[in-house]
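In listed order, ligands and their atoms are each counted from 1. Numbering starts at 1 and runs along the sequence shown.
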Amino acid sequence: MKIHEYQAKALLSEFSIPIPTGAVATTPAEAKNIAAELGGKVVIKAQVYAGGRGKAGGIKVAKTPEEAEKLAGQILGTRLITHQTTPEGVPVGKVLVEKAVNIERELYLSIIVAAANHMPVMMASEAGGMDIEEVARVSPEKILLEYIDRAAGFQAFQGRKLAYGMNLNPAQVRAGTSLMTNLYRLFQVKDCSLAEINPLVVTADGEIMALDAKLNFDDNALFRHSDIEQLHDAEQEDPLEARANELGIKNYVKMDGNIGCLVNGAGLAMAVMDIITHAGGRPANFLDIGTVNDVSRVVNAFKIFTTDPSVKAILVNIFGGMARVDTIARGIAEAHKQMDINLPLVVRLAGTNADEGKSILAESGIEFIEATDFYDAAYKAVQAAKGSYK
Ligand code: GDP
Ligand code: MN
């Protein structure tokens, strides 16, 4: 799960990491008031779940409260398109208004869990700012790494190594090391999957401070962080993905094709997407109802299909295990009872209680195209989406 920069900065501050003074505004008038209170130059920052705002016009400097009001008005209510967003961009509902900082140097600092050995790794670089991806590509040696032993925790000597490596002076090394220690503590206590400060700046006064902040959280650990879970901003997500989340379908990803897929198990879902492509079509989504034996989950999946105008055919490919086929079949029948579904439906049922499932579907009176195996199902779905079956 992602959160906004202003929320991430509040957490950094809770963990004693210096951040600029500021507050969040939802209207231009609020931005003006905050700017007046801060005094002097302020920075207006679009709050979206995406980076690359600087280059996309989402970060602006205002010299007066009136200018802050005007600039906030230009950003609020628009959609910001950055290299990290879809072409439609993400809505800007809030701006962060902060006292402008005199930047001496822009550094980079982050923690992720390394894929290779599952250890948290602290990454630091003197080449911080807006182009860290470019640095990683062109001169990876400029990014310093320290792997963190989970039992021992982040060690002061590791902090000193990274801090000296970024060419900080001795006083800054002390501040930098304690900042890193605090960032790791936050990362661990809050079950983050990513903690990134880019840029971490050295100010003209020689202080070290987080000018930007990005925190992502491990979804599987959210149950023990209700304070974080409630920070979630559904507006920032694809509306269908947000709806799927609300309906309890955790594994839903919107895609660009026209075949709505209802599948159980992520492996089967991926195989179905591959085979649809192989049969000459494109999936409209990745949807895994999971290993649940639950009629309403199936009904909810159909609710998603009927809300998505790009879906032209539905493919149900179920291999019953813990989720029994008869339950899925009841779900399909129930969905057609509750909603007026006019999409061609291709069904392939196998596994636990498959025969029972098939007779439930047959008795329900729903029109559907039966498929015998995997490829048959994909082929028929592709034809159905083209209108060849209806
Ligand atoms: P991102 O582009 O989405 O990563 O947004 P950032 O918060 O990292 O801001 C991008 C850039 O704007 C930074 O690298 C800075 O160069 C600049 N910037 C942001 N805040 C300030 C500030 O308070 N003062 C100055 N001088 N520049 C700032
Ligand atoms: Mn940044």
So which heavy atom on Ile112 is nearest to which on Phe187, and how close? C-CZ, 4.2 Å
Quick one: closest heavy-atom pair of Glu98 and Leu211, and the distance? OE1-O, 4.3 Å
Atom CE of Met322: over 12 foreign heavy atoms under 6.0 Å: no
Parallel, tilted or perpendicular: which fits the ring planes of His336 and Phe302, with parallel below 30° and perpendicular above 60°? perpendicular
May I ask you to determine how many protein N/O/S atoms are under 2.8 Å from the Mn ion (ligand 2)? 2
Report the distance from atom CE of Met166 to atom NZ of Lys161, rounding to the nearest 0.5 Å. 13.5 Å
Sorted by chain and residue number, the residues with a non-hydrogen atom under 4.0 Å of ligand 1 are Val43, Lys45, Gly51, Gly52, Arg53, Gly54, Ile59, Ala100, Val101, Ile103, Glu106, Met130, Asn198, Pro199, Leu211, Asp212
Would you tell me whether Lys254 and Ser310 have side-chain atoms, one donor and one acceptor, within less than 3.5 Å of each other? yes
Parallel under 30°, tilted from 30 to 60°, perpendicular over 60°: which one fits the rings of Phe154 and Tyr184? tilted
Are more than 12 heavy atoms, taken from residues, nucleotides or ligands other than Lys41, located less than 6.0 Å from that residue's NZ atom? no
Arg282/Asp256 under salt bridge (charged side-chain N to carboxylate O under 4.0 Å, His left out): CA gap, chis, key distance, verdict: CA-CA 7 Å; Arg282 298 280 298 159; Asp256 59 8; 2.9 Å; yes
